[in-house]
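Worksheet: the structure to be examined is printed underneath.
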Amino acid sequence: MKARLAPIVLSAFLAMSVAPVSVLAAQDQAEAPTRLDEVVVSARRAGAPMWTVRRDGEGVMILVGAIEEAPRGFEWRPQALEEAAARADRILFPQRGRASPADVLRLMWRIRTIGWLPEGTTTADYLTPEDQARLEALMTGEKTDQWRRYSLLLLAIDLFKNKAGEKDARPVGADDAVRRAARKARVPIRSIGVVRGADLVESLISAPPETHRECLRAALSAAEQGPDALRLRAEAWRALKVAEVLASPVDRAVDRCWPWGDPQIGSQLRTEWTEAVTQAVSQPGLTLAVAPLRRLAEPGGVLDLLEAQGFEVDGPEWKPITPESGAPETASP
C-alpha cells in the first residue's frame, strides 16, 4: 500500500487543481430573448435534481444539483441539460483550484506528513475502540499491518477506492455536459471562485490527525455498505430523492473529508456558493448553475437561504426526512 500513497494524495489534490475556466463572449444582443419556460422544461428532461428560482421583477435561475461519481453503466439524460445550457444567458460552475508547480512539489516533498500518522502512533490512538474494530474488520486480508500507521485521510480514501466501489466508478458528468454545450453556443461561463493551491497544501500539511477522524468514520460506513454504496446514491440522485442522497454514507463522507471537511476551506467554499447564487438570481435573463447537490440542499444551504429571502423555489423536495414528515430520519453514521 505504501507505493499507492503518493498517487492517491496527488489525485485527490489535483482534482481541485483544474485549469482556469475561459469566459466566452456574450451572446449576440440581437438574438431573440430566451424562452425561459421552454428552457426549464428542456432541462428537467435530464432527470437530475434541479430547481428553478425566481422572484417578481428579477431573472430566473436553474440550479442543477450534481454528484461526482456513479458506477459504470449508470445512465441519465445529459443531452437535455446540454440543450438547456445552450439557451441560457450565463452559466456558473464550482470553484476551481489553482496550483502552481511549486505547490505540487511541496505536496510531494511533504507526502510522508500527509500520508502517515506521527511517529509512535497508530490508528488506535485516534479512533474509539468501536471504530478501530470496524476498521480492523474491513482491513482483514491486507498483506501487512502497516495500514495502522497510515493517516486517517489516506485510509478513508483507500476505503472508498477499494471497498465502496469508487475504483470502478466513472464521472457523472453534469458539469462537463453543460460546459460542452455552453462553449459550443458561446454562452458566458464563470467559475464562482478560486482556491489557491498553497492553501490546499497547507490545509493538508498542518491539519492534526484527529481533523480527519469524522472523514474516516463516514468512509467506514460507506465501505461497510460495499460497492452498493455508490450505486444506491446514484440511483437516488436520478430518482430525485434528494434527502436519500444526502443521507447516503458516500455523500456524508464527501462532505466530511478534505477539502469540504476542512474547517477553513470548507467554509470558504460554502460561502462562495451562497453569495454567487444570491447575486446571480437577481440578474435579468436566465442563469444556469451546476453546484454540488449537498451545497444546495443541506440544512441552511443555498435553497433554504433563497426560500428565506422570499424567492420562489420550484423543484424536488429537499428537506431532510423527519418524524414530522411521516418517515424516520436516517441516523448519522
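Quick caveat, the model's predicted, so the values are computed rather than measured.
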Does a salt bridge link D158 with K161, judged by any charged N lying under 4.0 Å from a carboxylate O?
no

E272, CD atom: more than 12 neighbouring heavy atoms under 6.0 Å
yes

Apply the test side chain to side chain contact (heavy atoms under 4.5 Å, CB included) to residues V281 and R55: give CA-CA distance (whole Å), side-chain angles for both, the deciding distance (0.1 Å), then the verdict.
CA-CA 9 Å; V281 81; R55 190 163 59 184; over 6 Å; no

Is the backbone of M61 close enough, under 3.5 Å, to the side chain of T287 for a donor and an acceptor to pair up by distance?
no

Donor-acceptor pair, side chain of R170 and main chain of F74, under 3.5 angstrom
yes

Short N-O contact, K184 and E82, less than 4.0 angstrom:
no

One should read off an interatomic distance between I67 CD1 and R233 CZ, to the nearest 0.5 angstrom, of 5.0 Å

Hey, quick one: are M50 and W76 part of the same hydrophobic cluster, counting side-chain heavy atoms closer than 4.5 Å, chains of contacts allowed?
yes

Is L240 reachable from V41 through a run of hydrophobic residues whose side-chain heavy atoms are each under 4.5 Å from the next?
no

Quick one: does any side-chain atom of T278 pair with a main-chain N or O of E275 as donor and acceptor, under 3.5 Å?
no

Side chain S191, main chain P94, donor-acceptor under 3.5 Å:
yes

Between the side chain of R213 and the main-chain N/O of L127, is any donor-acceptor distance below 3.5 Å?
no

Taking W258 for its side chain and H212 for its backbone only, find out whether a donor-acceptor pair lies under 3.5 Å.
no

More than 12 heavy atoms from other groups under 6.0 Å of CD on Q283
yes

If you group Ile, Leu, Val, Met, Phe, Trp and Tyr by side-chain heavy-atom gaps below 4.5 Å, do V64 and L305 land in one group?
no

Side chains of R134 and S221, donor plus acceptor under 3.5 Å
yes

Is it possible for you to say whether W237 and L232 belong to one hydrophobic cluster, with membership spreading through side-chain heavy-atom contacts below 4.5 Å?
no

Judged by atom type as modelled, is there a donor-acceptor pair below 3.5 Å linking the side chain of R190 to the main-chain atoms of F93?
no

Would the distance check show the side chain of R270 and the main-chain N or O of R295 forming a donor-acceptor pair, the cut-off being under 3.5 Å?
no

Are E307 and W318 close enough that some pair of their side-chain heavy atoms sits under 4.5 Å apart?
yes

Is it true that R148 and E136 make a salt bridge, defined as a side-chain N closer than 4.0 Å to a carboxylate O?
yes

Are L63 and V313 connected into the same hydrophobic cluster when the rule is that any two of I, L, V, M, F, W, Y join if their side-chain heavy atoms are below 4.5 Å apart?
yes

Measure the acute angle between the ring planes of Y150 and W116, then classify it against the limits of 30° and 60° as parallel, tilted or perpendicular.
perpendicular

Does the distance from a Lys or Arg side-chain N to an Asp or Glu carboxylate O, for R231 and D228, drop under 4.0 Å?
yes

Sub-3.5 Å donor-acceptor pair from the side chain of D255 to the main-chain atoms of R252, do we have one?
no

